[in-house]
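One structure below.
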2 protein chains.
Amino acid sequence: MNEVLTRERILEAAEQVFRRFGPHKTTVVDVARLLGVSHGSVYRHFDSKIALRDAVVEGWLKRTSDPLAAIATSGEAPAKRLRLWFSTLLKLKREKVKSDPELFSVSRTIFAEAREVVARHVDTLVGQLEIIIGDGIASGDFRPVDPRATAQAMFDATARFHDPAHGAEWSAPDVDAGFDRVYALVTAGIVA
Amino acid sequence: MNEVLTRERILEAAEQVFRRFGPHKTTVVDVARLLGVSHGSVYRHFDSKIALRDAVVEGWLKRTSDPLAAIATSGEAPAKRLRLWFSTLLKLKREKVKSDPELFSVSRTIFAEAREVVARHVDTLVGQLEIIIGDGIASGDFRPVDPRATAQAMFDATARFHDPAHGAEWSAPDVDAGFDRVYALVTAGIVA
DNA sequence: CAACTGACAGACTTGCAATTCTGTCAGTCG
DNA sequence: CGACTGACAGAATTGCAAGTCTGTCAGTTG
């Protein structure tokens, strides 16, 4: 209340309110109220409600990409690292559906609206895959494929198992078997 | 008007009205009116509006699976046949989004609500892929993989390019390149 | 008597008045 | 003078009254 109003404090409050009321019900006035300021003050730090929402989504997505970055740049053998990267991605995504299915289903809409932020996130993830594949080629574990194109293709090929658009299918009992089949197929194409 | 009222005539009329007013706006009374009967008569042939809608969608999906069946059982070389099958699948799906986005969007709703119709359709398609892959193994063009599991994996791996949940992404300019990358990756794993 | 109608109850949808929200900006405060 | 407020216009959303639809069934028709 009596501290300086910063971008960070607003983001923190916004996330708290998003979580409580859901992103669509949340108003700028709600966020301002939690901070004990008028909503006009929020507009000194964010150009629009959309800018604020995008910033919150960005932070939220970062919580997925950061642990994956650690895996991508670890010293683990590329084949093992690749498998761990994917299983962690699926684990993180599924935890999100389970822990808050309501927020997850709303997040699908939010993602569709915040295309740019999500595109950047996907780019980050594909970049991480590219590093693993590049390392695998260098070590001779993978065939000399184009790392960027292959990273993109692997990400797209596994979309059914990590894209929020398919979230409803993840509770089926045979999803794990389905992913294993796809993973076996796509890695069959790159292992030396 | 003066002919006997059959399931087929109702389906025909229903499809016509669906196409004209959009499936959400269409009422059972609209369908009955086009046939010159009361809506009560429609209920002699279909248990509910949902049953009628499902039957219409079933016929619609058949228009995708029938031409694909012809390709799957053609005498073409398996590798070429596989490629043709997929490019036809994508072409048909994209035509549907373009020519009738309203009807297309309802099929998305049906995915969540009445899974049975769609599940049967997907089973049919995977079965067709299985035939092509089986033929390819017999001819020595493909490695001796499990045809059913591989068919399922190929279908899942290409979901982003044919699953209605991703329909909005198909208008992007780089989708074709994206599909080519994924196709190259998954076939790299099976060609002998 | 089989094929059909149309009135009906309750579920669902629509339109729109009332309310609430966003984004601005002239004005206050320390 | 820079951080902040709050009244305001127009956009967006909500709630709910009025209207429409689904599914049924007793009654009509050829």
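In what follows, every chain begins at residue 1, and chains take the letters A, B, ... in the order their sequences are listed.
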Inset, instruction - Taking only the side-chain heavy atoms of Lys49(A) (C-beta and beyond), determine which of dT22(C), dC4(C), dG23(D) contains the nearest atom. - result: dT22(C)
Inset, instruction - Take the protein atom CZ of Phe46(B) and the nucleotide atom P of dT22(D), then report the distance between them rounded to whole Å. - result: 14 Å
Legend entry - Rounded interatomic separation in angstrom, taking CG from Leu52(A) and P from dC21(C): 15 Å
Legend entry - Glu15(A) and its salt bridge (Lys or Arg N to Asp or Glu O under 4.0 Å) partner, picked from Arg53(A), Lys62(A), Arg63(A), Arg20(A): Arg63(A)
Inset, instruction - Please work out whether the ring planes of Phe179(B) and Tyr183(B) are parallel, tilted or perpendicular, with thresholds of 30° and 60°. - result: tilted
Legend entry - Under-4.0 Å side-chain N/O to phosphate OP1/OP2 contact, Ser41(B) with dC4(C): no
Legend entry - Short side-chain N/O contact to dT14(D) OP1/OP2 from Lys25(A), under 4.0 Å: yes
Legend entry - Closest-nucleotide 5' rank along DNA chain D - winner of His24(A) and Arg44(A): Arg44(A)
Inset, instruction - Looking only at side-chain atoms of His45(A), point me to the closest of dT24(D), dT5(C), dC4(D). - result: dC4(D)
Legend entry - Euclidean distance, atom CZ of residue Arg33(B) to atom P of dC4(C) [Å, nearest integer]: 19 Å
Inset, instruction - Round to a whole Å and report the spacing from CG of Leu35(B) to C1' of dA3(C). - result: 15 Å
Legend entry - Side-chain donor/acceptor of Ser48(B) to backbone N/O of Ala51(B), under 3.5 Å: yes
Inset, instruction - Answer yes or no: side-chain N or O of His39(B) and base N or O of dG23(D) forming a donor-acceptor pair under 3.5 Å. - result: yes
Legend entry - Nucleotide dA11(D), atom P - distance to CD1 of Ile50(A) in whole Å: 15 Å
Inset, instruction - Pick out which of Ile131(B), Ile133(B), Asp141(B) makes a side chain to side chain contact (heavy atoms under 4.5 Å, CB included) with Pro78(B). - result: Asp141(B)
Inset, instruction - With heavy atoms under 4.0 Å as the rule, sort Thr27(A) into base, sugar-phosphate or nothing. - result: sugar-phosphate
Inset, instruction - Check the distance between dG23(D)'s P and Tyr43(B)'s OH and give it to me in whole angstrom. - result: 4 Å
Legend entry - Spacing between Arg9(B) atom CZ and dC4(C) atom P, to the nearest angstrom: 9 Å
Inset, instruction - Return the nearest nucleotide to the side chain of Ser38(A); candidates are dC4(C), dT22(D), dT5(D). - result: dT5(D)
Inset, instruction - Go through Phe111(A) and Trp60(A) one step at a time and tell me if the ring-ring contact (aromatic ring centres under 6.0 Å, His included) criterion holds. - result: CA-CA 11 Å; Phe111(A) 287 163; Trp60(A) 193 41; 5.8 Å; yes
